[in-house]
2 protein chains.
Amino acid sequence: MAQKTSQPVSTPSEEPAWKQRAIERSTQAAKRRAEQRVERFLGAAQAIMAEKGTTDFTVQEVIERSRQSLRSFYQHFDGKHELLLALFEDAMNRTADQIRAAASGHSDPLDRLKVAVQLLFELSRPDPTAQRPLFTDFAPRLLVSHPAEVKFAHAPLLTLFTELMTEAETAGRLRPGPKPRRLAAMTMQTVMFNAQSSGAPDDESAHPITADEIWDFCSRGFTHTR
Amino acid sequence: MAQKTSQPVSTPSEEPAWKQRAIERSTQAAKRRAEQRVERFLGAAQAIMAEKGTTDFTVQEVIERSRQSLRSFYQHFDGKHELLLALFEDAMNRTADQIRAAASGHSDPLDRLKVAVQLLFELSRPDPTAQRPLFTDFAPRLLVSHPAEVKFAHAPLLTLFTELMTEAETAGRLRPGPKPRRLAAMTMQTVMFNAQSSGAPDDESAHPITADEIWDFCSRGFTHTR
DNA sequence: CGCTTCATGAGAATGTTATTCTCCCACGTT
DNA sequence: AACGTGGGAGAATAACATTCTCATGAAGCG
């Protein structure tokens, strides 16, 4: 955080710029190498998850696949937990982008919201076919063990939904009262978790709640319109 | 499965009634004893959970506390998983009863629903003070690993909410269209999971969504009332 | 050019649990 | 009295994550 360039306690003038730069350079190099390694771990983990369709891989598998060592792994990650968290944040970012892109295809604010809600619903659903174990396996667990991290990872999505809600509000399409951001938060949660427990898209006998139903529910609630 | 004593496939007459009864009696006795033991395991687990406020106890602790043996434990339960499931179902039943009782204190169908929603919200919230680790720890995990069991355990609650919804519908307080049962299911999910991620009742800086907001959201949605 | 340091590789050691297995005894039955 | 069975004690196993040890090779330095 604080750079030592300032001249307070220690003699700054005794740290010439060239030295700073030299250190900087070697530091940078080290950082690059570290990033390289981290990337390899991440890539390997992602590949394994894609194959097995679960987050239940072992650290062993990851290091074997990435041709690195256990030692190295724990040098770069605080534990398996952090690896998954990194992957999760990444996935959330990409998801937010995907949804934003899909929504941008419509001009009406409510249409945009609708598309976003329905796509998020589909993406959050536990489909054994599609490989999204991070959403269906990891996220729920993380939610109980590290709620703060989850909140952080959800940020991009929340931002997106807040944008969409705000646009809708500006267009006078929201009912007055609740702040867009809170509506966005509740809508997100509602959509994601209802998707979770809605079973796979096909199976089931009776229940499977659909994206349409969720949209209908979120947007209009259940009371009679007086 | 198949009995070895019989010559033909089935010879009921060759099994005298007295023998049947004798077997019955000893079977019943065994069953009683088994139930006894199961109760002890359950009780011990519950006590430990109450003390530690988490489902992360070890099987060891349970058997020590209940003064029984590992062998016995695995003879009665398929694994720790089944023990927790039993406790969970129990807790859900009691929760449903509690909510039903609270709701019965009001005469207006919508008031009843409101009370139910708000109480469920409070009960589902991760309050470190109150000891409800089954809701906050176990349920989410179970949801991903054994969705069917969760659905089963949720049944009493779903039934309750369906009743309340149906009453509201009968009273003409629901908007036409959606079936009460589906509204009940979505409302339940929405309330429970939003509570999950709403942080403890007190802490937090900005967010913490409230029971009122959730009720408002579920009942009225977010669109403008034309 | 030798020396030191640091990031890594390789993999053994540890720790924690759940789960299974083995031995053994007390009992009611035959 | 032999016997079959339920159950107690607790050792053995299995999976993993995590930590620790040792060795190496390359970068930096005098």
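Convention: sequence-line order gives letters A, B, ...; per-chain numbering from 1.
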Residues at least two apart in sequence or cross-chain that pass salt bridge (charged side-chain N to carboxylate O under 4.0 Å, His left out) with Arg112(A), listed by chain then number, are Glu167(A)

With sequence neighbours left out, the residues meeting salt bridge (charged side-chain N to carboxylate O under 4.0 Å, His left out) with Arg65(A) are Glu51(A)

Practice item. Would you please say whether a donor-acceptor pair under 3.5 Å links the side chains of Gln75(A) and Arg71(A)? Key: yes

Those residues at least two apart in sequence (or on a different chain) that pass side chain to side chain contact (heavy atoms under 4.5 Å, CB included) with Gln118(B) are Lys114(B), Ala211(B), Asp212(B), Trp215(B)

Residues of residues 35-61 of chain A with a heavy atom under 4.0 Å from any atom of DNA chain D, listed by number, are Phe57(A), Thr58(A), Val59(A)

Residues of residues 67-81 of chain A with a heavy atom under 4.0 Å from any atom of DNA chain C, listed by number, are Gln68(A), Ser69(A), Leu70(A), Arg71(A), Ser72(A), Gln75(A), His76(A)

For Asp97(A), the salt bridge (charged side-chain N to carboxylate O under 4.0 Å, His left out) test, sequence neighbours excluded, returns none

Min and max contacting nt of DNA chain C in 5' to 3' order, chain A heavy atoms within under 4.0 angstrom, are dT8(C) to dA12(C)

Hits for salt bridge (charged side-chain N to carboxylate O under 4.0 Å, His left out) against Glu61(B), two or more places apart or cross-chain, chain-then-number order -> Lys52(B)

The side chain to side chain contact (heavy atoms under 4.5 Å, CB included) partners of Glu82(A) (sequence neighbours excluded) come to Phe77(A), Asp78(A)

With sequence neighbours left out, the residues meeting side chain to side chain contact (heavy atoms under 4.5 Å, CB included) with Ala155(B) are none

Sequence neighbours excluded, the answer for side chain to side chain donor-acceptor pair (under 3.5 Å) partners of Arg100(A) is Glu163(A)

Residues at least two apart in sequence or cross-chain that pass side chain to side chain contact (heavy atoms under 4.5 Å, CB included) with Glu213(A), listed by chain then number, are Ile209(A), Thr210(A), Arg182(B), Met186(B)

